[in-house]
Each structure stands twice: as C-alpha cells, then as structure tokens.
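Atoms within each ligand, like the ligands themselves, are counted from 1 in listed order. Numbers here are sequence positions counted from 1. Every value quoted in this text rests on a predicted model; they were computed, and no experiment measured them. Values reported hereafter were calculated over all heavy atoms of this structure, with side chains retained and with hydrogens, waters and symmetry mates removed.
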Amino acid sequence: MIYFDYNATAPVMREAREAWLNVTEKIAGNPSSMHHAGTKAAIALADARETLAAVLGCNPMDIVWTSGATEANNTVMHHFARKLAPTEPIFVSAIEHPCVDDSSRHYFGKRVRNIPVTREGVVDMDWLTTELADARPGLVAVMAANNETGIIQPWREILAICQAYEVPFFTDAVQFIGKMPCKGLGDCDYVSGAAHKFGGPRGVGFLKIPHRSHLTPLLLGGKQEGGRRAGTENVAIIAAMIAALEIREKQIARSEHLLRKVWRDNFEAQFLRVMPGATILGQNQPRLWNTVSALMPEGDRKSQWVIRLDKAGFAVSTGSACTTGKEEPSHVLSAMGFKAAHALRAVRFSAGWETSEPEWEALLKAILKVHGEMQQKG
Ligand code: PLP
C-alpha cells in the first residue's frame, strides 16, 4: 500500500514509538504526585513543554496538553462563550475543520459570522479588514492551512490586523505544524495542534494560549495543567509527540520539504497534461508541499476514485477524513464557490516526509489506469 493520506493521519515515526516506550518503561509516576516517581514524570512533561514552546516561540507555561486538536479547538470556543458578552459576534473562516465550525455554532449560534474565501481558497482579506473595523468581534478564527486543499492562509497578516484592532486571534495550525516552519505561530493568541498529523501518535495534541491568561477549562476535575485541563497527563504519548515534532523541525530546517514540493509540482504538471478536464484547487496559491486537491474530470465520481485506487494499492481520500462516508460536497469547496456537481469530483492526494519521487510517479500511472477503466465502463 502506498500511502497518500497524510492529511488524515500520518504513520507514527520510529523515534516517536521509541520515546513512548522509553517513558512507559522508565517513568511510572503520575506527574502530579509528590514522590520521586511523580517528579520524574513532571520533569519529562516540563521538558516536552519547553521543547514545544521553543518550536512555537512562546512561554512553556502557555501550553496546555489535550487529547488532540478537536479538544483544543472546542476548548477555545467554550472559553470564549464564557468570556464574551452575550451579543458579541465572532468571526470564523468558512473553511474551518468541522471541530471549529460545529463547536463555534454550538456555542455562538447566529453570532458566528463566516469569513468568506476567494475562489482560490484564501480568506478574503478585504472583507476581513473592513468588517473587523466595523464589527469588532470578540474572536477571529482562521486556520493556518486547510486540510482539504492544503492552501495556506495568510495567518501572519491576519494576526497583524487583529493585533491592530486588539481582537484575539486563534489559528488551528494542525496541518501546518510539522510541514512548514512554525516560526511566529507562538505570537498568535491561541494555536492548536495534533500529534498524528506530524508523525506522533493519535489522541494527543495541545493548545497554546496567551501568556498568563485565564482559560475556562472544558474538562473539570483535577487541577492538572494549572487548572486549565483536568485529567492525568499521558506523559508517554506527549513525549512521543514531541519526539516526532523535533524530527520534523530538523527536516524542515534542512529544507527537505522544498525538494518534496518539486516532486509534487512535477506530479501536478504531468497530471494536468494527461488528464484533460481536471483542475487543481488553489494551484497558484501558497500551499502545503504535500497536498494535491484535484477536481477529477467530468463524470468521474470521487468515491469510485478512492475505492479503485485503493484496489490498485494507493490510499487517497475524498477530502477530510471527517467528511468521508457521505457523498456531500465539502463545505470548503462550497465556500470556494464550487457547485455541488464540481465538489463531488474532488480527490485529495496528501503525501508525507516518507513519500518518494517514484511513488508520486506510480500514483500518476495508477490514476491514468483507473481513469481509462472508468471511461471504458462509460
Ligand atoms: N483541525 C484540522 C485542520 C484537522 O485536519 C483535524 C483532523 O483532521 C483536526 C482539526 C482534528 O484533529 P483530531 O481529530 O486529531 O482531534
């Protein structure tokens, strides 16, 4: 099986598995316990916090460990629902992951105003600038990179505008972290991440919050994480997450992703040449180096692509893992102005740090073969 679904989840790195095993075998205590075994666990947790803070560029105390990005993102919405005045609006981009979209609607209902995106899948900065001046929302939420299209959002510019208007800025950086240089992310007020998108285990992530600020916990109980998230921290999977992130940071610092982007770009050029009628979403926009989000030619159903490519030995996806299983156009493509008929032709190929150039070439051949088969069947 050749794996082209890293945006859904990435294989767990050897270094992450080793870190997990090491902590599991050597550190038996609860980080909240006063004895020696507990202190060892607390030190491991503090080390992990420092490493992550250095990567993001924030204070270690600004980090709250969570069970993943879904929890981190729900926590942000829950916190602001408690904090803001009952009439204050919030701005949420129209292309957020369902865990931001649904939780914002759950807590804020009609007070959510969606920030539109252009046909190219980028947040409409003119809209945002004008409306920010007018409405002064209590929060602005825009993801750093979109999971379905890989299109990178101008989060640095948005942060600057939010700072000018003194509006808190929250970015879901799940798809960005571990794929792109993280520098500057720590300046955003709220940042969420999930280990399994960058080679760590599933079921662990974090939320970065503003320095010395209060966070209304989503989970109540013990006083872990400075009272910001109850529940015994899973030190071993946190250590595994940080081990994976450190590897990714080194690889990014060596610019390995730039060569991988060339392989992806070559694939796209060939793909468009041999598949007339296909489109690549946001092709001319800054995008994650690993993602190709394509509208396949007319008449091809995306579900068939996934199934047929799976049979041919390639794991690909119709978009976000959370929206698969139902043949509905994704809200991301609708927000970009695509009609349902177009959006139903979207297939996502998301490579990773282990994908080789021959694997991209093999994928292209398999696509051509499947396309041929589909056409024969009419
Ligand atoms: N945000 C984005 C952009 C994602 O891609 C995902 C997962 O697909 C999540 C949040 C949710 O992460 P998790 O399922 O690990 O909680």
Numbered in order shown, the ligand 1 atoms found under 4.0 Å of a heavy atom of M143 are 3 (C)
Pair D189 + K208: basic N to acidic O under 4.0 Å: no
Could you see which bit of V174 sits under 4.0 Å from ligand 1, with heavy atoms only: side chain, backbone, both or neither? side chain
Just distances here: any N/O of E71 and N/O of ligand 1 closer than 3.5 Å? no
Is there a nitrogen or oxygen of A69 sitting under 3.5 Å from a nitrogen or oxygen of ligand 1? yes
Looking only at distances, can you tell me whether any N or O atom of N7, backbone or side chain, sits closer than 3.5 Å to an N or O atom of ligand 1? no
Any atoms of ligand 1 less than 4.0 Å from a non-hydrogen atom of N147? List them with their elements. 3 (C), 5 (O)
Hey, is R113 close enough to E131 for a salt bridge, meaning N to O under 4.0 Å? yes
Just to be sure I read this right, does ligand 1 sit under 4.0 Å from the backbone of H196, its side chain, both, or neither, counting only heavy atoms? side chain
Heavy atoms from other residues, nucleotides or ligands near CE of M34 exceed 12 (cutoff 6.0 Å): no
Enumerated ligand 1 atoms positioned under 4.0 Å from heavy atoms of D172: 1 (N), 2 (C), 3 (C), 10 (C)
Short N-O contact, E15 and K250, less than 4.0 angstrom: no
Under the side chain to side chain contact (heavy atoms under 4.5 Å, CB included) test against T149, which residue among Q283, E120, Q285, M336 passes? M336
Would you mind running through ligand 1 and noting each atom that sits below 4.0 Å from a heavy atom of A194? 15 (O)
Ring of F206, cation from R229 - is the NZ or CZ under 6.0 Å from the centre and inside 45° of the axis? no
Regarding D172 and N73, is there a side-chain donor-to-acceptor distance under 3.5 Å anywhere? yes
Can a non-hydrogen atom of E96 be found less than 4.0 Å from any atom of ligand 1? no
Indicate if W20 and V235 have the same hydrophobic cluster label, given that clusters are the connected sets of ILVMFWY residues with side-chain heavy-atom separations under 4.5 angstrom. yes
Where's the contact between C99 and ligand 1, heavy-atom distance under 4.0 Å: side chain, backbone, both or neither? side chain
